[in-house]
Protein chains: 4
Amino acid sequence: MTDAATQVRKADHIRICLEEDVQFRQISNGLERYRFTHCCLPELDRNNIDLTTQFLDKQLGAPILISSMTGGTEQAATINRRLAIAAQQYKIPMGVGSQRVALEKPEVADTFAVRKYAPDIPLFANLGAVQLNYNCGLEQCLRIVDILEADALILHINPLQECIQPQGDTNFHGLFDKIETVCSKLPVPVIAKEVGNGISAAMAKKLLAVGVTAIDVAGAGGTSWAMVESERAQNTMGRRLGRTFSDWGLPTAECIKSIRKVDGNVPLIASGGLRHGLDIAKSIALGANIAGLAMPFLKAAATSEIAVCELIEVLIAEITTVLFCTGNIDIEQLKRSQSLQLVQRLE
Amino acid sequence: MTDAATQVRKADHIRICLEEDVQFRQISNGLERYRFTHCCLPELDRNNIDLTTQFLDKQLGAPILISSMTGGTEQAATINRRLAIAAQQYKIPMGVGSQRVALEKPEVADTFAVRKYAPDIPLFANLGAVQLNYNCGLEQCLRIVDILEADALILHINPLQECIQPQGDTNFHGLFDKIETVCSKLPVPVIAKEVGNGISAAMAKKLLAVGVTAIDVAGAGGTSWAMVESERAQNTMGRRLGRTFSDWGLPTAECIKSIRKVDGNVPLIASGGLRHGLDIAKSIALGANIAGLAMPFLKAAATSEIAVCELIEVLIAEITTVLFCTGNIDIEQLKRSQSLQLVQRLE
Amino acid sequence: MTDAATQVRKADHIRICLEEDVQFRQISNGLERYRFTHCCLPELDRNNIDLTTQFLDKQLGAPILISSMTGGTEQAATINRRLAIAAQQYKIPMGVGSQRVALEKPEVADTFAVRKYAPDIPLFANLGAVQLNYNCGLEQCLRIVDILEADALILHINPLQECIQPQGDTNFHGLFDKIETVCSKLPVPVIAKEVGNGISAAMAKKLLAVGVTAIDVAGAGGTSWAMVESERAQNTMGRRLGRTFSDWGLPTAECIKSIRKVDGNVPLIASGGLRHGLDIAKSIALGANIAGLAMPFLKAAATSEIAVCELIEVLIAEITTVLFCTGNIDIEQLKRSQSLQLVQRLE
Amino acid sequence: MTDAATQVRKADHIRICLEEDVQFRQISNGLERYRFTHCCLPELDRNNIDLTTQFLDKQLGAPILISSMTGGTEQAATINRRLAIAAQQYKIPMGVGSQRVALEKPEVADTFAVRKYAPDIPLFANLGAVQLNYNCGLEQCLRIVDILEADALILHINPLQECIQPQGDTNFHGLFDKIETVCSKLPVPVIAKEVGNGISAAMAKKLLAVGVTAIDVAGAGGTSWAMVESERAQNTMGRRLGRTFSDWGLPTAECIKSIRKVDGNVPLIASGGLRHGLDIAKSIALGANIAGLAMPFLKAAATSEIAVCELIEVLIAEITTVLFCTGNIDIEQLKRSQSLQLVQRLE
Ligand SMILES: Cc1cc2nc3c(=O)[nH]c(=O)nc-3n(C[C@H](O)[C@H](O)[C@H](O)COP(=O)(O)O)c2cc1C
Ligand SMILES: Cc1cc2nc3c(=O)[nH]c(=O)nc-3n(C[C@H](O)[C@H](O)[C@H](O)COP(=O)(O)O)c2cc1C
Ligand SMILES: Cc1cc2nc3c(=O)[nH]c(=O)nc-3n(C[C@H](O)[C@H](O)[C@H](O)COP(=O)(O)O)c2cc1C
Ligand SMILES: Cc1cc2nc3c(=O)[nH]c(=O)nc-3n(C[C@H](O)[C@H](O)[C@H](O)COP(=O)(O)O)c2cc1C
């Protein structure tokens, strides 16, 4: 795929995500099956509730991540700037979209370079893991980390998207070895991330075994990349292929639960279909360290910097409300508490 | 919050409850999961069925409570008067809304003072438990009990509502101790009550341990205060916060069952989403002593005194029909009978 | 209730049943939970399939009953005549509606007297059991059996209907003793029948203990008499009372299964919400001897005698198709076969 | 039934299938209860994925069958030609519709004779098993195999369809013996197939015992022949009969699972309601060797040969996508893998 094509595709993605309904159709993130036990007398002052948390040795203002999305075009630069300024204000981490286009066209590298707006937060570089089979290696990884002055590199793994996308890069052979090389040589930690179909516990274990530091499950239930690529398709057959797989994957809640079960310590990011602070709080109670949202941040950033700030504020208010109404003073206590219950179907 | 603001808020609540749909959206009171076993040959004369029952040492005409709602404005005074006259007619207990405004503006105390219309029934005074952290103490509790010549004081506990409400009172620190003081010094019993998010068995035990006499679960499934406050919000973010929590809480049926399981004797009020006598009868069969309704009484009282009487009559007819068609002659027999079954999902 | 009033009520019932939707709203007859195992190679000639069966020592052309419905008015006489002629043609049994009006106004007895149209089939007389507390006794039972030259007397028991109906007869005290007297003295067998709310296994045992010969469960899931009486109500409160109880009762499938479990021999009629031959076949496979339909026969009879015949023919074709596609040659084999399975919910 | 009538009926079937909604209404093929476990890092090159498989000792390009449908008319000849040309191109097997009409009217035999368009693929002749009771025997079976130069004979068994169809052939007596004779004498293998109501494990065992080589379950969940015949009915009663049985039968997924459980080796065809390659892949993971579709191929063939090719291509792309995203390189590996999971209902 040429670099111009990459740029056009990235612009298409944003337009489709903003204009079409590309969410999973039947499968949810799985969090609706859980309910917090209400605590009517929390014995707390809500003003004392503390959302700060640690992730990859950095202090965050709240356990919220702006998921990897964009870069490479004018519009993307604007979106990234707005997101970064807001992220800096609330001290939350942020990822950028795949930087492959910046490798192909160095003159657009700047559309990713948000460190100047966000000096203090964790920033995550981004590349498709499959690109390690298509002319990318350690050198390219170093370069994109540099562009961003990134704190970590996210390698996203997206076999379904590459299958649906015309001319997708679908040679996934031998990737574990190549990921292992990158992990061992790169000066920053590597995060493995899906893009909306989820990572199983078995795959998480394999990824950790080759040196990955953290996992972002990016599970099923939110933005469906099969649906996005279906919208981009040029003919009936392409549209149908995407639709057949609109609901493919592992729901976010299941990924979190099963990965945390096999590994009590791995830094774990919940994402995929999270839409409010109640989802975030549930993810954390299920075992995630922080929780990422993509689509909601895209919509806010398409509007204004203020809209992004407002979104973060309401997420914070929602998480705080959960902590208050379950009687937990901070994120650590929420995790240890038994506040979240699987809904019992009595009938 | 100023006293004028309190009054405006109370007027808003009534208007919104009467005009908007502010019920829980996805969660029900949980009673639909239970079904009475029909008894086709009851061997009873329906005319002999007896709905009288005891609650807090008083005799009631039927196990129905008019839940705490209002006071402080002209309209509220009218509503309270209509409710009180009807309650007196059928010998059922009644609560008034939070009397905090009467403490702030003594000249409106009269809007609560319904004892003159209802000399013989149990009347329940009302205050938010959290106010014990905001300048209310034993003295204020005594005063509001006095205004009403109340038989008991309801302390309502509403952490979610206070979170959603702008400038809500959200310091719930140290409340158990203060409740204990009030319970030990007040000459009338104290009832602890939620406002629609439910009281768990664990919280009920703690409340009883500090001297509370009775529990009104006010569970999830009926009027959703998160929705009410969402309607009152001045901006998008406020509206969203309320909606995120529209379905928060413990369903009424679950609260009743679990509290009765841990304490066979506590005087227990079912409320939250009860809409007819069949709900009331189910609540009692699950373990409640009496059952309260708020929204249905508000709607009736907004119309006329006669409408309130008609509502009580149909509730009585419905409860009587349940007793008849299950072959139980009185409330005590209903409780002991095994008439209520969890619906078996055969498939 | 005066006799004129009884006549008006009966006319109302027919009009409402024909014009309004008075079926159960949420509860079904429970048969949809069962599925026949398809037998793709039945090794039968469909022409050899035999639907004849015995009931109360009489031979029937098919295990279908025209349930008790009407009498007492011109229109009722027409309906009864059409039903009787068709029943005679296919040799299936038929019940008439409550004959109380014929006791009150002997001049309308003729509207029930269908023996002249149906010399060879079992005919069932009908009276509300509760009337034994309201001036009816053995003498009256004898008289209505005589009017019809009946093969059995159905005593219907309808506590819910009497509760919803204005001025209903709701003294059900001491009825078991009175039923016992009737059973012991009457020259024909007595069948106990509900009217759409079902008979539990426990009640069936009590009824058999006092001498009842057969049980017609008339369970929940079809015509809802609470709904019918709700439509007849003169005011809001009456309408509401009926609606609250629209879905009260024990589903037909559950009644059949539980009664057959406690008594392997009692002649058992399935009815309540059966709408086609597949329902009838399922009822029989669950343990019923024959199966009754009311509403579908009312609709057909309101049209023409031919419509009733066509309905019976399609019911026969449907039952025959079930037998063929499950590889059973007759009703007895269907009963012994394990063709009916509870649907397994795999998920 | 006369031969002209047979032709008219066949033309009716095609018209109804193309124009009316004749799918099962409430019962599905059962595959939605299963979900593949997503494998985010397949370690495969998608280009190396291999869909070839063996069936009845022949090599296929993909595990897809064009199910038996038509023949006997002009339109049918066109459809069969288009299907055959496409099948040849992708090396997938194809069945033709019942050849009974070709026995009755030899001049239409040509409408079935597609071997000239498809020299290399397995072709399956077709006859209703029940015809062995209506003047068909070994000789006729040989003749229709000859017409097609068929690799196997499909005997379809359709008791429900024959019941609903006016003047259907419903003497299924003694068929096992006659099937045994055909199986033992015919030079090609015999496949037993339903037409949309499924074959149970018990029936499969009996069919194998009399010499049948392979089973095509043709289960419930797709085209409902009761619905098709209901559309063809000339009167209300006929229409109703078909509708009563619209959802009769055993879901495809259940047939596959239960038959494979009792026989690990029988060549097994999944069909009935399969609509895309994801359904096909699930069927194979559940135990089928290949999977057939009828209705989707009818719709494509009614358009053009290209439409049929496009359909096959998208099916191939879908199956390939499943293999890729579950990390399986070929059909054999998919079968052995544990990639398919019953969806756990957590709530
Ligand atoms: C417009 C857009 C572009 C995206 N681009 C990338 C990307 O380049 N790299 C990546 O790892 N994920 C990308 N994603 C996936 C998201 O990071 C996220 O995993 C996915 O959308 C699910 O989250 P959601 O349901 O909150 O949207 C993108 C998402 C969106 C909406
Ligand atoms: C207009 C209105 C005002 C209320 N005000 C109070 C109050 O002041 N104090 C209180 O304890 N509960 C208050 N409630 C809550 C009710 O007592 C009750 O717990 C809740 O509405 C759930 O019952 P429902 O579903 O029957 O409405 C109020 C309810 C309504 C509808
Ligand atoms: C118009 C009408 C009148 C009825 N009258 C009687 C009656 O007099 N006696 C009786 O035992 N049942 C009576 N029933 C009840 C039926 O016999 C039957 O039990 C009930 O309607 C449920 O069956 P269905 O769902 O097939 O209608 C009547 C039903 C209808 C529709
Ligand atoms: C128009 C049409 C004609 C059919 N004719 C036959 C037939 O002659 N012989 C046969 O075995 N099956 C026949 N079938 C049944 C199919 O082979 C298949 O078993 C059934 O339609 C279920 O598959 P589907 O849901 O993919 O349509 C026919 C199906 C269709 C749609």
Side-chain angles (χ1 to χ4, degrees), chain A residues 26-27 30 32-35 129-130 133 156-160 162-164 168-177 179 192-195 197-200 202-204 206-207 210 217-220 226 235-238 240-241 243-245 247-251 253-255 257 342-345, chain D residues 28 31-49 274-282 293 296 299-300 303-304 306-329 337-347:
Chain A
Q26 307 194 0
I27 293 211
E32 77 290 348
R33 296 175 172 176
Y34 295 88
R35 193 180 73 192
V130 76
N133 273 348
H156 71 256
I157 29 189
N158 58 344
L160 180 64
E162 299 289 351
C163 277
I164 311 282
D169 296 329
T170 54
N171 179 10
F172 275 60
H173 187 80
L175 282 183
F176 278 116
D177 283 355
I179 293 173
K193 168 180 179 296
E194 241 284 348
V195 301
N197 303 110
I199 298 180
S200 67
M203 292 308 284
K206 283 199 191 178
L207 289 161
V210 298
V217 301
N235 55 36
T236 324
M237 295 328 243
R240 155 149 172 185
L241 186 61
R243 267 162 212 210
T244 298
F245 291 91
D247 286 280
W248 179 272
L250 306 165
E254 293 181 31
C255 295
K257 258 199 101 167
L342 195 61
V343 172
Q344 300 289 342
R345 294 196 84 205
Chain D
S28 74
L31 294 170
E32 78 290 349
R33 294 173 175 178
Y34 295 88
R35 192 179 74 192
F36 281 108
T37 302
H38 178 60
C39 167
C40 65
L41 245 175
E43 285 277 308
L44 298 176
D45 186 343
R46 188 185 192 276
N47 291 328
N48 294 338
I49 286 177
L274 310 186
R275 295 296 172 257
H276 44 49
L278 181 48
D279 279 344
I280 295 175
K282 285 182 180 178
L293 289 72
K299 289 190 176 151
T303 306
S304 70
I306 288 178
V308 182
C309 290
E310 282 184 348
L311 174 54
I312 298 173
E313 271 178 34
V314 79
L315 292 173
I316 287 174
E318 289 166 335
I319 304 170
T320 306
T321 300
V322 171
L323 265 67
F324 188 59
C325 291
T326 55
N328 293 300
I329 192 126
S337 79
Q338 301 284 320
S339 308
L340 198 67
Q341 308 295 331
L342 194 62
V343 173
Q344 300 290 343
R345 294 195 83 206
L346 290 180
E347 43 180 339

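Sequence lines set the chain letters: A, B, ... in the order given, protein chains first and strands last, and positions in each chain run from 1.
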Please look at D:L44 and chain A and tell me whether the side chain, the backbone, both or neither of the residue comes under 4.5 angstrom of a heavy atom of that chain.
backbone
Between [X] and [Y], is any pair of side-chain heavy atoms under 4.5 Å apart?
{"X": "A:P159", "Y": "D:R46", "result": "no"}
{"X": "A:F172", "Y": "D:E43", "result": "no"}
{"X": "A:S200", "Y": "D:H38", "result": "no"}

Does the pair A:W248 and D:L278 meet the rule for a side chain to side chain contact (heavy atoms under 4.5 Å, CB included), with working shown?
CA-CA 10 Å; A:W248 179 272; D:L278 181 48; 3.8 Å; yes
Are A:E254 and D:R35 close enough for a salt bridge, meaning some N to O gap below 4.0 Å?
yes
Quick check: closest heavy atoms across A:G198 and D:C40, and the distance to 0.1 Å?
O-CB, 4.1 Å
Looking only at heavy atoms, the pair that brings A:M237 and D:L311 closest together is CE-N, 3.4 Å
Using 0.5 Å steps for rounding, measure from the CD1 atom of A:I164 to the OG1 atom of D:T321.
5.5 Å
Atom pair SG/CD1 of A:C163 and D:I49 - distance to nearest 0.5 Å
7.0 Å
Top contributor to chain D contacts, counting heavy-atom pairs under 4.5 Å, from A:D247, A:N235, A:N171:
A:N171
Among A:E194, A:K206, A:E162, which has the most heavy-atom pairs under 4.5 Å with chain D?
A:E194
Across all chains, not counting sequence neighbours, the side-chain contact (heavy atoms from CB on, under 4.5 Å) partners of D:E318 are A:R240, A:L241, A:T244, A:F245, D:H276, D:V314, D:L315
